[in-house]
Amino acid sequence: MNFPHSILRSSVALRCCLALAVSFCASICHTQQPDFLINASPITAAAPDPAIVQALQSIQPDHIEKTIKALVGFGTRSTLSSMEKDLPPGQGINAAADWVAAQFDAISKDCGNCLEVHRDTFIEPAADRIPQPTTITNIYAILRGTDPVQSKRMVLVTGHYDSRNANIMDARGTAPGANDDASGVAVSLECARALSKLHLPATVVFVAVAGEEQGLNGSSHLAKLAKSEGWQLEAVLNNDIVGGNTTPGDLLQLKDRVRVFSEGVPVAATPDQARRIRALGEENDSPSRQLARAIADTARTYSTAATGSPFAAFLVNRPDRYLRGGDHSSFNREGFAAVRFTEWREDFNHQHQNIVMPAAGSSEPILGDLIQFVDFNYVASVARLNAATLATLASSPGQPTKVVIFTKNLENGTTLHWEAPTGAAPTIHFDLLWRETTAPDWQFSKTVPQPADGSPVTITVPISKDNVVFGVRAVDAAGHRSLAVVP
């Protein structure tokens, strides 16, 4: 078909106009793109370490089941039972403490005495939930790091082995505590069993504390001990109620994730530090919050590597659940980064209750923290995430130091400065991280090499510090990532 020349000229002109419009729009769209998106690399999961994967695969539900059954078998693990003189043999918290210590000893024997097993025993004065001066014993095992410098760095996992029933002052009544918190102790023991086969540069501490139900007494004592002895604790993982409660008919429980609670403004912050945090909008960037993000990052790397089944860390930006508390807060009060792991959906009929078995045909629920409601596969998944986090942090170079942002001049770019972790290998590099101020987790990164001479790093990026939050982490040649440090 033939068109008049005028129509053809109009068509050509229209195409030219459209092409110019598209080009102009592309130019405008590019220049209007936020500065923090230009040349940004989205955060991706690290490659799994085969040695860590092999260790995680050794964590099995049958080990978990044996531990929880043994702890339930002590009848009661009430902290107050330590003062009872006529309990039946093999009953009470003292017998439970001996058993936990024996488990650590057995694990140590299997790895050539690689663990230092300790009893932290003290007398807790009488208080609201403690009617008389009471003996409390924490059990912990230390796997010393293999690197002379890095071994000063420490990461810790804990659960509490005491239990209670409906009456917090009952020192003799049955209190199985299968979920609260034999499940957490099982996590600590399984982490020790799995990681004792590895040669980690930094030190790992595996703990079972007592006195939690009476008022966090054991963890408070251990946290103060750690501070007084100068432990360089970078991370504390508290596992409390991680049994994956399985109540028949409960359709809202989720078995593919675990909640991780972390404090925002550190409870140990001085008034000046708290004012600075508020002024800079850093309420969401405490060391504990960075630890929680690292756990989520680790889950993305290892959740399917060991078993093929995804398992995620669901981050909750508050210190704990409503009306409840836990041992991580004892470490928070001493200035350590600490978080709490807890199952997705709790059944309060199976916590802090006397055992009640309704008559056949009754619609009333079973009461009591019984082992029949614990999912050993779920506890194993929680243990693997804990172990992967501990191993990753213990293998990392450690946190960058002296991380600062220069704020002397008004400018749209950002200049940052930091130094390498103490004793870090020359082969490490750094990830400069950033995210929008409203984003819950790190979004973007830029790889920054370590200077050959190990000198401090100073870098300027065309990103406004007013619009994002920056962080820096150190990464070794194998890809193990440290905790992020916010300048």
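This chain uses plain numbering: 1 for the first residue, then up along the sequence. Only a predicted model underlies this, so the values are computations on that prediction, with no experimental measurement involved.
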How close do [X] and [Y] get, heavy atom to heavy atom, and via which atoms?
{"X": "D476", "Y": "H429", "answer": "O-CE1, 4.4 Å"}
{"X": "Q450", "Y": "A420", "answer": "NE2-CB, 3.6 Å"}
{"X": "I241", "Y": "R340", "answer": "CD1-NH2, 3.9 Å"}
{"X": "A292", "Y": "V260", "answer": "CB-CG1, 4.1 Å"}
{"X": "S288", "Y": "N332", "answer": "OG-ND2, 3.2 Å"}
{"X": "G243", "Y": "N179", "answer": "N-OD1, 2.8 Å"}

Side-chain touch [X]/[Y], heavy atoms, less than 4.5 angstrom:
{"X": "P440", "Y": "R435", "answer": "no"}
{"X": "V382", "Y": "N239", "answer": "yes"}
{"X": "W418", "Y": "L416", "answer": "yes"}
{"X": "R164", "Y": "R129", "answer": "yes"}
{"X": "Q91", "Y": "T76", "answer": "no"}
{"X": "Y161", "Y": "I93", "answer": "yes"}
{"X": "L222", "Y": "L225", "answer": "yes"}
{"X": "T304", "Y": "P310", "answer": "yes"}

When you look at L390 and L200, which way does the side-chain contact (heavy atoms from CB on, under 4.5 Å) test go after all the steps? CA-CA 10 Å; L390 295 166; L200 301 169; over 6 Å; no
Ionic contact status for [Y] with [X], cut-off 4.0 Å:
{"X": "R259", "Y": "D320", "result": "no"}
{"X": "D162", "Y": "R77", "result": "no"}
{"X": "E346", "Y": "R321", "result": "yes"}
{"X": "K152", "Y": "D147", "result": "no"}
{"X": "D441", "Y": "R289", "result": "no"}
{"X": "E334", "Y": "K224", "result": "no"}

Regarding [X] and [Y], do their side chains bring together a donor and an acceptor under 3.5 Å, going by distance alone?
{"X": "Q273", "Y": "R276", "result": "no"}
{"X": "S219", "Y": "S330", "result": "yes"}
{"X": "H160", "Y": "N238", "result": "no"}
{"X": "N217", "Y": "E124", "result": "yes"}
{"X": "H350", "Y": "N245", "result": "yes"}
{"X": "D369", "Y": "Q353", "result": "no"}
{"X": "R481", "Y": "T298", "result": "no"}

May I have the step-by-step check of side chain to side chain donor-acceptor pair (under 3.5 Å) for S396 and R153, ending in yes or no? CA-CA 10 Å; S396 78; R153 299 171 39 234; 3.3 Å; yes
Atom pair OG1 (T121) and CD1 (I136), whose distance is rounded to the nearest 0.5 Å: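 Reported to 0.5 Å precision, the distance equals 10.0 Å.
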Ring centres of F311 and Y378 under 6.0 Å apart?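 Centroid distance F311-Y378: below 6.0 Å, so yes.
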Should the pair F314 and W344 be assigned to parallel (<30°), tilted (30 to 60°) or perpendicular (>60°) ring geometry?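 Rings of F314 and W344: perpendicular, as their planes differ by over 60°.
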Evaluate side chain to side chain donor-acceptor pair (under 3.5 Å) for R324 paired with Q351, printing each intermediate quantity in order. CA-CA 12 Å; R324 307 298 286 273; Q351 296 175 23; 2.8 Å; yes
Sort out for me which residue in D180, N165, N167 forms a side chain to side chain donor-acceptor pair (under 3.5 Å) with H352.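 Testing each of D180, N165, N167 against H352, the sole residue satisfying side chain to side chain donor-acceptor pair (under 3.5 Å) is D180.
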Does [X], at its [atom1] atom, have more than 12 non-hydrogen atoms belonging to other residues, nucleotides or ligands within less than 6.0 Å?
{"X": "K109", "atom1": "NZ", "value": "no"}
{"X": "D128", "atom1": "CG", "value": "no"}
{"X": "Q54", "atom1": "CD", "value": "no"}

Chi angles and distances behind the side-chain contact (heavy atoms from CB on, under 4.5 Å) call for H118, I139: CA-CA 6 Å; H118 298 267; I139 312 295; over 6 Å; no
Y140/F206 under side-chain contact (heavy atoms from CB on, under 4.5 Å): CA gap, chis, key distance, verdict: CA-CA 5 Å; Y140 63 96; F206 311 97; over 6 Å; no
Run N94 and M83 through side-chain contact (heavy atoms from CB on, under 4.5 Å) and show every step you take. CA-CA 9 Å; N94 291 336; M83 307 306 291; over 6 Å; no
